[in-house]
Amino acid sequence: MNHPDILEILPLALYAETHFRFFRGFPSFLYSKEPEIIFDMPRRLEPNRDLPLILIVNDFHLFPIQPVKVSVSISAKNAPPYLLEIGKPDPYEVDHPLKEQCKTWCITISRKHLPQGEVQINARLDYRKIRKGTVSKRVFTVLNDNLRTTSKLPYRCFISDTHLPGKPFCTYGDLHCHSQFSRSHVEFGPPVQIIDSVAASCGTDFVAITDHSYDLVCDKDNYLKQDQGLSMWKCYRDTLSLKKFSAIMIPGEEISCLNSRGEVVHLNALSIEEFIPGTKDGARSNRFFDKQLTINQAVKEIHKQGGYSFAAHPGANCSALQRLLLHRGTWNLDDLKSGVEGVQALNSGFFGSWQRGKNLWIKMLQRGYRMPILAGNDAHGDFNRYRCTGKPFLKVYEDPQRYMGYALTGIYGTCHNSSEVINALRMGKTFVTNGPFATLSRSLSIEDSLISSTPLPKPPQTIYALALSTQEIGPIQHIRVICGTLGGEEETVILEKRYPAKSYDIQEIIPKDRLPQNCYLRLETEGTKENGLPLKAATSACYLGNYKG
């Protein structure tokens, strides 16, 4: 089974952390006395950017190695293969707070070595093992990663000569991403500096680092123990506040809190200063942080700190084992009415969880809650492809359509810092996409977007549906402008059009005679990627007339 929705039915959605066992000697085919060695890189490269090649060696403190040489092969359809010898990666090592446990290098591959368009890249590490302080004479080799059962397929990257559609008049970001501070039995993430390098290189203007509340209370040296002094949280805050970044890095937290049925759901908080507890689904003993907050209590604390709150992947299914072992549950309408400001309906791909999350969001609109629709990827690194434990202790599952920046939150307008991003979210000036740009506008200019949570008592004379794409992303084949009313139970499609195979610039006038006096409008675009997967964008709503709610 090779489908993104497989992640919704995996028993526990564990990540590809292969050294965890319930006890010494517990049978695990994935376990080996080697560090986890993973190369990674972005899936696309912005114009005039060099390519960051990431090398992560996790659990280095348990299984130390000595890197000898990194080699890279680059191939493309219309170019001869190219072999690049990097040599020892030492000059590229990244300094970060957990470097004793997780060694990381960020190697720069000059753009001059990269042909235009889709390239395939294999990365090889030659290394020696270190045992009891002695370096082995034998040289070992890793191709792309050393995780058992993974494909070892080359990484893919599109070397682009164009920016993402709508730039520079919109800002793109990933609102759900995990760093090395989400570190536990079954997961580890990259340093924040690495996330920044990859984001800047692939055209992602902002990233919200939303590490787990149950990980941020752990001891820095032992993730099984809680630290009442919150040393991990303080280290996390220092890292995000003291470093200068190329992209806009927004500090946040993914809080485990209780829904109306007493089950754990996840709530994302952005731009908070103080830690908010939530540890019930952390699979650890809650020695110091046993009190669990309801959604409403957590939202009040976020807002008390001046932060922004949104429901994290509310359309995700919850398996029986997750309910039993992690006390997990799902979001419902009553939960979203607890003061939550936005809905992350899109979590990576446009599949089952998207449809369920979108339906919840639409029901909130019909009840007068003018909240924006948001997107993220829940990536733990995963810059090129996602890895998780498909069969616990037996097999690692890989998904090439889930990675940081695959699903994007677009903001209408240019944001220069995290405050401007948060302000735009509060104003509802968003759309979600895996490529195309879309908006409803008062003119043929994409700068005149009408998408906002502020109602328009006097709608403009003409409203346009605008959509843009590129050959890199794929053509737009279908658009729908959808209308809803306060208290209504059904939406109405007031404009629907299909287009020829190669349409990249859509401009349509919305028939005003079909609009109710007080309503909301939203736009959806559709297409198909080369691999057959959906290509979509969906806007938040604009509100016409006396749509107060």
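We use all heavy atoms of the structure for the numbers below, so side chains are in, but hydrogens, waters and symmetry mates are not.
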As a quick check of understanding, evaluate side chain to side chain donor-acceptor pair (under 3.5 Å) for D174 and T204, giving each step before the final call.
CA-CA 7 Å; D174 189 328; T204 303; over 6 Å; no
Could you please spell out the steps behind the salt bridge (Lys or Arg N to Asp or Glu O under 4.0 Å) verdict for R426 and E341?
CA-CA 7 Å; R426 287 202 168 106; E341 296 173 85; 3.3 Å; yes
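- With sequence neighbours left out, the salt bridge (Lys or Arg N to Asp or Glu O under 4.0 Å) criterion links E491 to R522.
- With sequence neighbours excluded, no residue forms a salt bridge (Lys or Arg N to Asp or Glu O under 4.0 Å) with E274.
- Heavy atoms from other residues, nucleotides or ligands lying under 6.0 Å from CG of N531 number more than 12.
- Between E447 and S441 there is no side-chain heavy-atom pair separated by less than 4.5 Å.
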Pair up each side-chain donor or acceptor in residues 537-544 with any protein partner under 3.5 Å, not counting sequence neighbours, and list the distances.
residue : atom : partner : partner atom : Å
T539    : OG1  : L523    : N            : 2.9
S540    : OG   : I373    : N            : 2.9
S540    : OG   : T430    : O            : 3.3
S540    : OG   : T430    : OG1          : 2.6

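- Between E118 and K77 no salt bridge is recorded (no basic side-chain N to carboxylate O distance below 4.0 Å).
- If you check the side chains of H163 and E46, you find a donor sitting under 3.5 Å from an acceptor.
- Between F431 and Y412, the distance separating the two ring centers is shorter than 6.0 angstrom.
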Decide yes or no on side chain to side chain donor-acceptor pair (under 3.5 Å) for H313 and Q344, but give the supporting numbers first.
CA-CA 5 Å; H313 43 67; Q344 185 205 337; 5.6 Å; no
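- Formation of a donor-acceptor pair under 3.5 Å by the W354 side chain with backbone atoms of S348 is not found in this model.
- Judged by distance alone, with hydrogens and angles left aside, the side-chain atoms of E398 form no donor-acceptor pair with the main-chain N or O of R385 at under 3.5 Å.
- The distance from atom CD1 of I451 to atom CE of M427, rounded to the nearest 0.5 Å, is 12.5 Å.
- A heavy-atom distance below 4.5 Å is found between the side chains of N332 and S260.
- In terms of modelled atom types and a separation under 3.5 Å, the side chain of D215 and the main chain of H212 share no donor-acceptor contact.
- Looking at residues two or more places apart in sequence or on another chain, you find a ring-ring contact (aromatic ring centres under 6.0 Å, His included) between Y406 and Y403.
- At most 12 heavy atoms of other shown residues, nucleotides or ligands fall within 6.0 angstrom of atom NZ in K363.
- Aromatic ring pairs are classed by plane angle as parallel below 30°, tilted from 30° to 60° and perpendicular above 60°; the pair H380 and H178 is parallel.
- A salt bridge does not link R328 with E263: every distance from a Lys NZ or Arg NE/NH1/NH2 to an Asp or Glu carboxylate oxygen is 4.0 Å or more.
- Using modelled atom types and a 3.5 Å distance limit, the side chains of H176 and N377 yield no donor-acceptor pair.
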List the steps and the verdict of side chain to side chain donor-acceptor pair (under 3.5 Å) for S179 and D211.
CA-CA 7 Å; S179 76; D211 284 312; 2.6 Å; yes
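- A donor-acceptor pair under 3.5 Å links the side-chain atoms of N518 to the main chain of N546, judged by distance alone.
- Note on ring orientation: taking the six-membered ring where Trp is involved, the planes of F310 and Y308 are tilted (angle from 30° to 60°).
- Side-chain contact between R43 and F383: absent, with no pair of heavy atoms (C-beta onward) separated by less than 4.5 Å.
- Looking only at distances, no side-chain donor or acceptor of N268 sits under 3.5 Å from a matching main-chain atom of A311.
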Go through S338 and N296 one step at a time and tell me if the side chain to side chain donor-acceptor pair (under 3.5 Å) criterion holds.
CA-CA 5 Å; S338 300; N296 185 257; 4.9 Å; no
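- For the pair L267 and V299, the minimum side-chain heavy-atom distance is below 4.5 Å.
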For residues 464-483, which side-chain donor-acceptor pairs fall under 3.5 Å, sequence neighbours excluded?
residue : atom : partner : partner atom : Å
S469    : OG   : G474    : O            : 2.5
T470    : OG1  : I473    : N            : 3.3
E472    : OE1  : R44     : NH2          : 3.1
E472    : OE1  : S160    : OG           : 2.7
E472    : OE2  : R44     : NE           : 2.7
E472    : OE2  : R44     : NH2          : 3.4
Q477    : OE1  : T528    : N            : 3.2
Q477    : OE1  : T528    : OG1          : 3.3
H478    : ND1  : E526    : OE1          : 3.3
H478    : NE2  : E496    : OE2          : 2.7
R480    : NH1  : E526    : OE2          : 3.3
R480    : NH2  : E524    : OE1          : 2.5
R480    : NH2  : E526    : OE2          : 3.2

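- For the atom pair CG of L521 and CD1 of I463, the computed distance is 5.5 Å after rounding to the nearest 0.5 Å.
- For R514, there are no salt bridge (Lys or Arg N to Asp or Glu O under 4.0 Å) partners two or more places apart in sequence or in a different chain.
- Expressed to the nearest 0.5 Å, how far CG of L293 lies from OG of S256 amounts to 10.5 Å.
- Within a 6.0 Å sphere centred on NZ of K337, other residues, nucleotides and ligands contribute more than 12 heavy atoms.
- Considering Q297, K280, H327 as possible partners of Q292, the one that fulfils the side chain to side chain contact (heavy atoms under 4.5 Å, CB included) test is K280.
- Atom SG of residue C519 and atom CG of residue L365 lie 12.0 Å apart, to the nearest 0.5 angstrom.
- A 4.5 Å side-chain heavy-atom check between F169 and K167 finds every atom pair outside the cut-off.
- Atom NZ of K512 sits in a crowded spot, with more than 12 heavy atoms from other residues, nucleotides or ligands closer than 6.0 Å.
- A donor-acceptor pair is defined here as one N or O able to donate and one able to accept, closer than 3.5 Å; such a pair exists between the side chain of Y172 and the backbone of P165.
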